[in-house]
Protein chains: 2
Amino acid sequence: MRKQPDKVDIVYVARLAGVSPATVSRAINHPDLVSPATRKRIDTAIRKSGYIRNRAAQAMHGKRSGTIGLIVPTMNYAIFAEVVQAFNDEISNHGFTVLLATHGYDLGSEYLVIRKLLEHRVDGVALVGLNHSQDSIGILGKQRVPSLTIWNYSADSPISCIGADNFEAGQLAAQHIVVLGHRRVGLVFPPTEGNDRARDRLNAARQTLFEAGVTIRDEWCGETPYSVSQSKKICTEILSLPRSERPTALLCGNDIIAQGAVYAALRLGVSVPQELSVVGIGDFAGSADMEPALTTVRIPARRIGTAAGRRLVKAITDADPDFILRERLDVELMMRATTAQPRQD
Amino acid sequence: MRKQPDKVDIVYVARLAGVSPATVSRAINHPDLVSPATRKRIDTAIRKSGYIRNRAAQAMHGKRSGTIGLIVPTMNYAIFAEVVQAFNDEISNHGFTVLLATHGYDLGSEYLVIRKLLEHRVDGVALVGLNHSQDSIGILGKQRVPSLTIWNYSADSPISCIGADNFEAGQLAAQHIVVLGHRRVGLVFPPTEGNDRARDRLNAARQTLFEAGVTIRDEWCGETPYSVSQSKKICTEILSLPRSERPTALLCGNDIIAQGAVYAALRLGVSVPQELSVVGIGDFAGSADMEPALTTVRIPARRIGTAAGRRLVKAITDADPDFILRERLDVELMMRATTAQPRQD
DNA sequence: AATAGTATTGCAAACGTTTTCATAAATGGT
DNA sequence: ACCATTTATGAAAACGTTTGCAATACTATT
């Protein structure tokens, strides 16, 4: 075994190859600028020494850090796992790495994690939703780092966004219920505080149902976090009303909640969809496969993640921090087995 | 509005506060070394200028980068979402940030992402499973970065590990089936190539069942990736056998597969657990809440993620790259509603 | 009031790379 | 064989921090 150098940096490699550090740097970053012969010597020197270039040092030169910050509310419940995966896949293909952070639906700590990512000199930032503190938006603008909100689309967003129109999603779900002929509908949603996705969906649902003259009684509605078990609990209460007092359909804020609703019904022996229709929003992995398969409005998570990654990479490589774009991806009603016309009696 | 400086770095802040850059640095990193008066001046200068310190520059000084690499096979299917979340929470509390990477169950690309993380000079690395290429282990050792494998425990692992004993998990699941009195058992597992978790579970199950004299017919067994729909498909085939030719129990490689099995049975009108028992491994979010609730072996994902984060941070702050520890977290059988004694006929 | 010690600050080198500029060598056209 | 390009390389400055060392200004002790 040759003696191990205590540190193997670019000058060590250079000495090994009998060239200057500058040439090594060029051989790595602009191979066409160095002669084939030396390039080869350098390559073997790199391999022999086990050299790994130091991106921190690169980044100091105003070169890119090669990282992109991704901030999601939470990784629990798998809601955002799919979009994270797609985003990661896309930017990895372009040589970037994800710097991940979560804030637990707290706008204040979102600001803090943004700062943390900026300390690492991320080349770009993606956030979830359109609801952010003034400080957060401000600091991103001031640092001039390309940023993008995902998941939600809004025509008048002050910052670039790629996502679905959650209002439309709520509308679609509600219309489906209305068209089927339901007149007694319950709404089960998460808290809308700091969650614009949920708020838009809920507003849309209320409005659509109201315009159709559909009854919404308070005792048919519930609020629950994104959790199958919590949703199951609250829906069990709703469905425990005597048959004639029950809603014939439950419109849920997302698929997790809808799954809880279906399980609650199954548990109580309320047949789905004969006695109760359930519709979700999201179309998470698993919703199509459950039994009965969940009717829901598809939010194209993968496509959102991929598109967001692509646009952010483009903004970075074009060196255009002021880019602004708003891309709206279509939502789609997935009619499956948990909805039907209300029983006539 | 005051004129915006084109770049606000530590020397800009220093000038603003009327001190030297060195003092600013100290005010940030060793506040006790600078007098209260100047500290205050510097603080306001920092706030006024909107200074954000550059960790890339810090990292160049041999200081830590403040990032920890986390490499998971995939973020799909939410399998690893929980452990990622717990890990992230833990290290965030200590000022570190997660640098995330995935390799899609491919050992070769795992090596590549390890290299990529090392270029970013991560202060530590966590990987999933014990199955890694020689190159991967080698480069981590050579770079002397604290590393840790999670999810899997093995007494003779060459590298530190924190996790559950997957062999034990398989045993527990199989024993449960045996004790209930099943004699006709099918196994539905993912491909074991490059997935030591699955391999250990499968080996344990086979061995335990064999020792109990339980029949395993090839036509009762299936291989499927981690996907509810794929699992549902293959289980539908198995369960379509005439009643007398069917297994009375299905032991599944993880909860995703088990969910598919349950849905397949529901679909075909095979009642669970009366006609068919199903047991999973993992206890993912949702398994407890589905209807019927899934009997499974709990792998404590949250605790694994938290423990891994804690130990890695400790190894980093103690500057002990050669630390080696093996921590085994207990698995536990969660008896719920998908298993019962086989029907006597 | 002189001394020793301590608290506070600044200077300058160092970290590992990239890039500009300059130089030297090679090439090509006459 | 000479000059004008072009190609290949190196020297050195720069990036934004941290830190060892030295210098200065205090404080307490005699």
Side-chain angles (χ1 to χ4, degrees), chain A residues 5-43 45-46 49-67 95 118-123 143 145 319, chain B residues 5-43 45-46 49-67 95 118-123 143 145 319:
Chain A
D6 34 77
K7 78 178 166 187
V8 28
D9 53 9
I10 205 173
V11 358
Y12 178 82
V13 173
R15 207 168 315 144
L16 206 62
V19 297
S20 78
T23 307
V24 176
S25 174
R26 274 188 287 256
I28 297 172
N29 300 298
H30 314 281
D32 43 319
L33 289 185
V34 6
S35 79
T38 41
R39 204 188 317 163
K40 203 157 141 194
R41 277 214 319 277
I42 291 173
D43 280 352
I46 288 179
S49 61
Y51 170 69
I52 296 183
R53 77 181 192 279
N54 185 337
R55 299 200 75 138
Q58 289 192 160
M60 266 196 45
H61 259 271
K63 291 210 82 156
R64 294 194 281 272
S65 72
T67 57
L118 289 175
E119 289 185 356
H120 287 287
R121 294 298 186 267
V122 288
D123 300 323
Q143 298 302 122
V145 36
Chain B
D6 34 76
K7 77 179 168 189
V8 28
D9 53 9
I10 205 171
V11 358
Y12 178 84
V13 172
R15 207 168 315 145
L16 207 63
V19 297
S20 77
T23 306
V24 176
S25 173
R26 274 188 287 256
I28 296 172
N29 301 296
H30 314 281
D32 43 318
L33 289 185
V34 4
S35 81
T38 41
R39 205 188 317 163
K40 201 156 143 194
R41 275 216 319 278
I42 291 174
D43 280 352
I46 288 180
S49 61
Y51 170 68
I52 296 185
R53 76 183 193 278
N54 185 335
R55 300 200 74 138
Q58 288 192 157
M60 267 195 45
H61 262 269
K63 291 210 83 156
R64 296 194 280 272
S65 72
T67 58
L118 290 175
E119 289 185 355
H120 286 288
R121 293 299 186 268
V122 288
D123 300 324
Q143 299 301 123
V145 35

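Convention: sequence-line order gives letters A, B, ...; per-chain numbering from 1. Remember, it's a predicted structure, so these values are computed and weren't measured experimentally.
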Mind checking the [atom1]-[atom2] spacing from [X] to [Y]? Nearest 0.5 Å is all I need.
| X | Y | atom1 | atom2 | answer |
| --- | --- | --- | --- | --- |
| A/R55 | B/E119 | CZ | CD | 5.5 Å |
| B/N54 | A/L118 | CG | CG | 11.0 Å |
| B/I46 | B/I10 | CD1 | CD1 | 8.0 Å |
| B/R39 | B/L33 | CZ | CG | 9.5 Å |
| A/I28 | A/Q58 | CD1 | CD | 8.0 Å |
| A/T23 | A/I42 | OG1 | CD1 | 6.0 Å |

Cut-off 3.5 Å, no hydrogens considered: what does the side-chain donor-acceptor table look like for residues 59-67 of chain B, sequence neighbours left out?
from: B/S65; atom 1: OG; to: B/T67; atom 2: N; distance (Å): 3.2
from: B/S65; atom 1: OG; to: B/T67; atom 2: OG1; distance (Å): 2.8
from: B/S65; atom 1: OG; to: B/R121; atom 2: O; distance (Å): 2.8
from: B/S65; atom 1: OG; to: B/D123; atom 2: OD1; distance (Å): 3.4

Mind checking what makes side-chain contact (heavy atoms from CB on, under 4.5 Å) contact with A/R41, not counting sequence neighbours?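 If we apply the side-chain contact (heavy atoms from CB on, under 4.5 Å) test to A/R41, skipping adjacent residues, the hits are A/V19, A/T38.
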Residue mapping more 5' on DNA chain C - nearest nucleotide basis, B/S20 or A/A22: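 Whichever sits nearer the 5' end wins; that is B/S20.
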Contact boundaries of DNA chain C with chain A (under 4.0 Å, heavy atoms), 5' to 3'?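 First-to-last contact on DNA chain C, by the 4.0 Å heavy-atom rule, is C/dC15 to C/dT20.
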For the helix from C/dA1-D/dT30 to C/dT30-D/dA1, figure out the bend between the end axes, five pairs an end, and round to 10 degrees.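 The angle, to the nearest 10 degrees, is 30°.
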Sorted by number, the residues of residues 50-67 of chain B with heavy-atom contact under 4.0 Å to DNA chain C: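 B/M60, B/H61, in order of number.
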Scan residues 23-30 of chain B against DNA chain C and write down, sorted by residue number, each residue with any heavy atom closer than 4.0 Å; if none is found, say none.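 Listed by number, they are B/T23, B/R26.
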How far apart are the closest heavy atoms of B/A14 and B/P21, and which atoms are they?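 What the structure gives for the nearest pair is CB-N, 3.6 Å.
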Any A/T38 side-chain nitrogen or oxygen under 4.0 Å from OP1 or OP2 of D/dA8: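 The answer is no; no side-chain N or O of A/T38 sits under 4.0 Å from OP1 or OP2.
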